[in-house]
Amino acid sequence: MKRKILFLFLTLSATLFCFGQHNVTGVVKFPDGTTAVGVNVRIKGTQTGVVTDVQGKYSLQVPDTSSVLTFSFMGAKTVEEPVNGKTVINIEMKSSTEEMEQVVVVGYAAQKRNDISGSISVVSSKDMMRVPTPSVEQALQGQAAGVNVTAATGAPGAPIAVRIRGVGSISSSGNDPLYIIDGIPAESMRSLSPNDIENITILKDASSAAIYGSRANNGIVLITTKQGVTGKAKVEYNMQIGLQTHGKLIDLINTKQFIELYNEATLADNATSSVKRPLINEASGYLRDFGDVNWLEEIFRPALMHTHEFSVSGGTEKVRYLVSASYFSQDGIVVNTNFNRFSLRSNITADVKKWLTVGLNVLASSSFEKRIPSSGDGLASKANGNVSEGGSVIRYAMFMNPARPVFNPDGSYADSPSEVFGDPMYNTFFDNSYNPLGLANMTDMSDRLNSFVGSSNILVKLPHNITIKGVVGIDYGTMTTRRFNNAWGTNNRIGSINSMNVGIDNSLAITSNVTLNHNFTIADKHNFNYFAGTEIISQNWKSLGGSDGELGDIHYLGFGQTEDNVSQGESDARLMSFFASFNYNFDRKYYISALIREDGSSRFSKGNRWGTFYSVSASWNMEKENFMKDITAISKFKWRVGWGSIGNQNVEPYSAMSKYGNGRYYPFGTIEQGYYMTSLGNTNLKWETSNQLNVGIDMEFLDGSLGANIDYFYKVTDNMIVQASYPPSAGLVSFPYINNGSVLNTGVDLELFYRKHYKKGSFEIKLNGGYLHNEVLSLLAPIESGMVDIGLYATRCVVGRPVGSFYLYEFEGIFQDNLEIMTHATQGPSGTIKPGDAKYKDQNDDNVIDEKDRVYQGSAIPKFSAGLTLSGEYAGFDLNIFFQGAFGQKIYVQFFHDAEGFYRGFPTTVRYYEEHWTPENHSNTMPRAAWSASQNHRAGTTRFLQDGSYVRLKNIQLGYTIPGLKKAHIERLRIYLSASNLFTITKYTGLDPEMTVSANSTSEGDRANGIDWGTYPNAITYSFGLNLTF
Amino acid sequence: MKTHYTFSLLLLLALLITSCSKFLDTDLKSGYTPESFFTTETNAVQAVNGCYASLASPRYWIFGDVTSDDAVKGGSPSDQASIDQINNFTVLSDDGNIYTFWQQMYDCISQCNNVIYYVDKMDIPLKDRLIAEARFIRGYCYFYMINVFGSVPYKDKPQETSDAIYVGLSSVEQIYSKIESDLLAATEYLPYTYSQEQQGRVTRGAAYALLAKVYLFEKKYSDCLTAITEVETPNIYDLEPNYSNLFKTGGENSIEALFAFRYAGDDKVHLGNSYCVYFAPIAQSGYAFNAPTQSFVDCFTEQTVLLETDPRLDASIGRDGHPWFDSLTFSAAWSTATGYLVKKYNEENPAEIPIGWMTVPTHILRYADVLLMKAEAINESSGPSLAEVEVNKVRQRAGLSALSGESQSSLRDKIRVERRRELGFEGHRYFDIVRYGQTYAQAAIGEEGYTYGYHFPIPQAEIDANTALH
């Protein structure tokens, strides 16, 4: 944009001035009928011009009747209108999005959309603001084909997974796209308010992304923030206030039903077990006047969210500015959770000389997130080096017996049933698991991220259409993670003594790049462009952590009685790059382009540092051919093909080196420090590369009102950077990263739109969808991930299957009688299986059920994902309806494992209660109630695997722009009502199908997605908002 | 156009100058590589300390006690339910406890291998002793591994290369000879005693005692007796007069203790014994695991000369109506599995510290064990008469009458019972049962899944990922 504006000014200043006499007047309006104030009306080729007044009127003397008028306005399509002797010329400015799509930022420079051969998607601010969201990533959800966006959980501030064209790698950190904000790479999106964004360009294939070389494997998300424009100052205020509630909860049984099941299981077990449990009935004396608590309801609450955004923008001919402030606050629908963000932004651009433009973009932000452990229980941390979050509050809520009280009479959280009811028998009856409300409220866990992102840029325009652009950027962030665990419960059994951990992580990235760009045309039709550049990125991370215990009222390190210890770390990574591209087109009809980038990364050992990445592409604007000229219905028909090789260096610094660390204390006569080999290095580690082919067609019909973009892609990632899966005999050392295996992602992306404008309104339908086939092509050995609560790894990466395929026993129904048990393959130790027990399939017909009978059952990667937007405007009203869906993914429901396996003293679902097998009710879906059978019933089987497909009404919004406020100096006032996640169509019976990775498996990344440990569900939000412009 | 080319050239030149490759050299700042770590004696000592920490794993009870006739899993029936499958020998190769135990043991072996390899390249006064400590620990681990799993991969190099990572199975006999050479080498360089602050490190006495045990398992009785002579020569070990004092904090420094896992706490770190949590009653925030069986209780029928119950019974386990700690009386209801709980890893707790901080030691080798090994070796190699003397030392402390005039066979039975009573819940019973032979083992274990010669399955993850096993 900046460049274009600059170009415009230069052109204007360089032309001659003529005299003439002819008066033209008129009114300029926007498509919605409102008058356009501050539109620049100029005589083409001169500096003569006026600006429309508050009624949108203008009056201008033109030199002669053959003059041409240009009407330009920020964000709107510039209109040229020949005077042709007319004295009144009324103009309607075309909507801004169409203009935005004309020039898009791709890589280090902007290009005309029509000149691009690669596969890109552009999401404008208008598209994003339809759905009010706290994060940039969520704003992308459902907006672009082939871009799958899923929140890890529905908790406020929870991380969000963005996958562009599938899961390219099986490494834990290797699938997030690279985010570039105004030309510099960003460490985190958390600081940025979606409201500050002008548009987002997503580079999906190699031919567009190769310019980012070693970091482009997973696609690029280029974010351009809003800039001021020349003209009258514009003051905007947007606010929204919303109420959030939980969706449908799982129906759990009540106390009466639990006692019924308990007695049923007791009778079943007492018949065979040496341990005899008492029944809970009048006769036994154990029956009490128990309560009836719905534990899920206890932890959920209605919660508020609100957001306020304020911005001022404008500019003179030479200086343009924007300053904005925004505040976002969201309480979670589960107690003790919230997120808020306060951010300030300023973008300034100045044309200091005819040949020189400088700019400065700064963002300062502070965000705070209060969390509860919600999506795991630290189980897998033992085996995979994950950081344990502790027990999942939501999972524990599903564990809790309805008869257990929430509070003790003294107001503290009730804990062991034996304490509450006065007999140890109640511990086994009700189980002594942790009170989830206590767990949520007695753990104080928060993150604060303070960040500063700034970049200054300089654009030098030399003769012969040569420009040099330099950008220097800083991305600095301080993340303070704090966790305080109260000691509570019976005899302070939970936490023993209180303890606190604090970690402060600083990250600093300095980026600088210089690019030279040259455009020239030979013989009017041969258009050339080439550019070359270099980039240096230097990153530094510092961490400081400490812990303390037995603290009093002051919860700061050093105020406790025990365990104060500190740790500190620092690491560096650097990247140095050279790149160049060449583009040629003939008459904007035939295009070819080539890109090359050379990257050197400090993350690899000396011999493996440098990598070369490249792409070639071609396109053909067929509609410009003579044979198409007569087919007026087709306004655009562009063929595109591209191929390239790009990389991924997403591996921790120093991965080449083995490391020795401490922390294994041992008490001899005195306690001594112990060191051990903590991680193994790999000096042979090198880039992960992916070779990608993209073939696409862009079509527009009926003068652009109907359009379709179709892309086919075939992408093979080789030499994936994966943590080695050495045998367990390699010990507890952290295994090195190695280059191992390859993964295929292939599929089709489709974007369709139809839009129609009427005098008083318009409507638009936009549909995007992606089909994806993901398959591991090669791997040294299968990689197991996603440990569930029986010590079984539920997923596997194996050749011929998608990444993280569920690998489970197949549930075949219920054994109905002894004959069936005898004729079926041996399942478990002899004599342990009884009628009513779950039955598993003997896949290999060896007449025994063992680990060889596990089979692959799909994965958590959606096969299709889609977004549908319906929007319309009429007489000041606007309506937007946005659906989003994902199809074909599976979810393993750990908590049905707990609740439908009849395991500890846990309650179960109403579904289990009603359907389970009894000698009278020969169910074939739910096994009998018996703890002695839980080993069999809890096996990792397809009984707990569900189809996670869903279609969700992501947002529906009705707005009204109040007319006639001009006199009150209000340019625009729109109010709206909005509802998010209003309903979901799904077969999934857990809380929310929109979930990705549990906290248990964060170090395993996409390999362990789709295991639901009681994930924090997304809220249903009802909100009211207003947009005000002065 | 000319200016443009000149400019491009200048720019290119500038770029090349900045491309100084040093920019991409980043040093490891807050950490050691093995090369930078093994440079001082202090560091080398700390690397050995890491081996001790790794060795003191809290999972031995599963294989030593639960699998035997002394104990069942205990605890809440479904808590760690898969240990029941270990107990009844039906466990599958993808079991989590099998995996974790295997990994833990090899972690310890691996740390020892690193010490042995890297310290050997150093030139420091303590070099030989440090390597000897690591060789003892490695020997201990392999001895345990072959008794649980049979043939296993024998790894003895840092696992930094693929040939050190992917190692096939070695036979039990091959590994025994490696263990012997590790322990023999250890005996050469280890001291008999350490200074106060260094107490708890492996001594020469411990190395000979473990060697004796290894020989006993191999039925090399005369080698066993030679090694025991070396344990006894310096005359520094004796029985602790009061049996129950061994199982209190400080028991690790007893005259009877040859080697024990030690626990301690200060205001900085708390290194408590996990057994103190695992085996404690649920009401005391324990898990009530490793519940003693009636069969264990029943082997205490023999009364003392004063016609009292063998004091070792109530020192070892909690029984209904008998005193527990902190003035509490044990109730059978505390242990839903059997009505009994292990008492050896619990103690008076007047300060009410969290039980996870309790520092009761886990004895690995103690003199009573050595005396009973000696008695067994003598009885098996040269008959009962001289063997009785050694058993009687142990019996005498317990207040039992002295044995005399036993036949080889009857003394064999008596020694076996004595070991069971003396060493209950110290991780010995299962391995003793198995080495006593098929008849004894099948009678004692009595589990349907058990056949003599059984070894626990090697973890599936090892089979899948260790290409040398394919």
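Just so it is clear: chains get the letters A, B, ... in the order the sequence lines come, proteins before strands, and each one is counted from 1.
When heavy atoms are compared at a cutoff of 4.5 Å, F261(B) approaches chain A by way of both its backbone and its side chain. Proximity to chain A (any heavy atom under 4.5 Å) is restricted, for Q85(B), to the side chain, taken from C-beta onward. Contact annotation for D95(B): neither backbone nor side-chain heavy atoms come within less than 4.5 Å of a heavy atom of chain A. Residue P34(B) touches chain A through both its backbone and its side chain, counting heavy-atom pairs closer than 4.5 Å. Proximity to chain A (any heavy atom under 4.5 Å) is restricted, for L271(B), to the side chain, taken from C-beta onward. For S93(B), the parts lying under 4.5 angstrom from a heavy atom of chain A are both the backbone and the side chain. No part of I738(A) comes within reach of chain B, as not one of its non-hydrogen atoms sits under 4.5 angstrom from that chain. Heavy atoms of I282(B) lying under 4.5 Å from chain A belong exclusively to its side chain. Of the atoms belonging to A56(B), it is side-chain heavy atoms, and not backbone ones, that fall under 4.5 Å from chain A. The contact between M677(A) and chain B is made by backbone and side chain atoms together, counting heavy-atom distances below 4.5 Å. Of the two parts of S601(A), only the backbone, made up of N, CA, C and O, holds a non-hydrogen atom closer than 4.5 Å to a non-hydrogen atom of chain B. If you measure heavy-atom distances from V167(B) to chain A, you find no contacts under 4.5 Å at all. Looking at Y654(A), only its side chain comes within 4.5 Å of chain B, counting heavy atoms on both sides. Only the side chain of S110(B) comes within less than 4.5 Å of a heavy atom of chain A; its backbone N, CA, C and O stay farther away. Only the side chain of Q460(B) comes within contact range of chain A, with at least one heavy atom under 4.5 Å from a heavy atom of that chain. Of the two parts of Q196(B), only the backbone, made up of N, CA, C and O, holds a non-hydrogen atom closer than 4.5 Å to a non-hydrogen atom of chain A. For a residue to count as touching a neighbouring chain, one of its non-hydrogen atoms must lie under 4.5 Å from one of that chain's; by this rule Q673(A) touches chain B with backbone and side chain alike. Heavy atoms of D423(A) lying under 4.5 Å from chain B are absent altogether. There is no contact between A333(B) and chain A, counting heavy-atom distances below 4.5 Å. With a 4.5 angstrom heavy-atom cutoff, S658(A) touches chain B via backbone and side-chain atoms both. For chain A, the nearby part of A260(B) is the backbone; its heavy atoms alone come within less than 4.5 Å. Within the 4.5 angstrom heavy-atom criterion, only backbone atoms of L575(A) (N, CA, C, O) approach chain B.
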Chi angles and distances behind the side chain to side chain contact (heavy atoms under 4.5 Å, CB included) call for D94(B), R854(A)
CA-CA 12 Å; D94(B) 56 4; R854(A) 288 167 71 184; 3.9 Å; yes

Candidate pair K659(A) and L28(B), rule side chain to side chain contact (heavy atoms under 4.5 Å, CB included), full reasoning
CA-CA 9 Å; K659(A) 288 170 214 78; L28(B) 180 62; 4.0 Å; yes

Side chain to side chain contact (heavy atoms under 4.5 Å, CB included) evaluation trace for Y263(B) with I671(A)
CA-CA 9 Å; Y263(B) 303 92; I671(A) 293 176; over 6 Å; no

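Of all heavy-atom pairs spanning Q159(B) and L680(A), the tightest one is O-CD1, 3.3 Å.
In this structure, R262(B) contributes its side chain and P667(A) its backbone to a donor-acceptor pair below 3.5 Å. No donor-acceptor distance shorter than 3.5 angstrom exists from the side chain of N49(B) to the backbone of G674(A), with no hydrogens or angles considered.
Taking the charged nitrogens against the carboxylate oxygens, D25(B) and R574(A) have no contact shorter than 4.0 Å, which rules out a salt bridge.
Residue K852(A) qualifies as open at atom NZ: its count of foreign heavy atoms under 6.0 Å is 12 or below. Around atom CD of Q294(B), more than 12 heavy atoms belonging to other residues, nucleotides or ligands sit under 6.0 Å away.
Contacts of F668(A) classified as ring pair (Phe, Tyr, Trp, His ring centres under 6.0 Å), with partners at least two apart in sequence or in another chain: Y666(A), Y52(B).
Ranking G96(B), G200(B), A465(B) against chain A, the residue ahead of the rest is A465(B), based on heavy-atom pairs under 4.5 Å. Among the candidates T90(B), V152(B), N466(B), I165(B), the residue making the largest number of heavy-atom pairs closer than 4.5 Å to chain A is I165(B). If you tally non-hydrogen atom pairs under 4.5 Å between each of R201(B), M105(B), K155(B) and chain A, the highest count goes to R201(B).
Counting only heavy atoms from C-beta outward, the side chains of Q103(B) and S729(A) never approach each other to under 4.5 Å. For the pair M657(A)/E35(B), no side-chain contact is recorded, criterion being any heavy-atom separation below 4.5 Å from C-beta on. Using a 4.5 Å heavy-atom cutoff, the side chains of F38(B) and Y675(A) are not in contact.
T26(B) OG1 to N540(A) CG: the interatomic distance, rounded to the nearest 0.5 Å, is 10.5 Å. If you take OH on Y676(A) and SG on C112(B), they are separated by 15.0 Å, rounding to the nearest 0.5 Å. Interatomic distance, CD of Q568(A) versus OG of S30(B), reported as 8.0 Å (0.5 Å rounding). Atom CG of residue D572(A) and atom CG of residue L24(B) lie 12.0 Å apart, to the nearest 0.5 angstrom.
Outside the 6.0 Å centre-distance limit, the rings of Y32(B) and Y660(A) are not counted as a close aromatic pair.
Counting only N and O atoms by type, the side chains of E672(A) and Q198(B) include a donor and acceptor under 3.5 Å apart.
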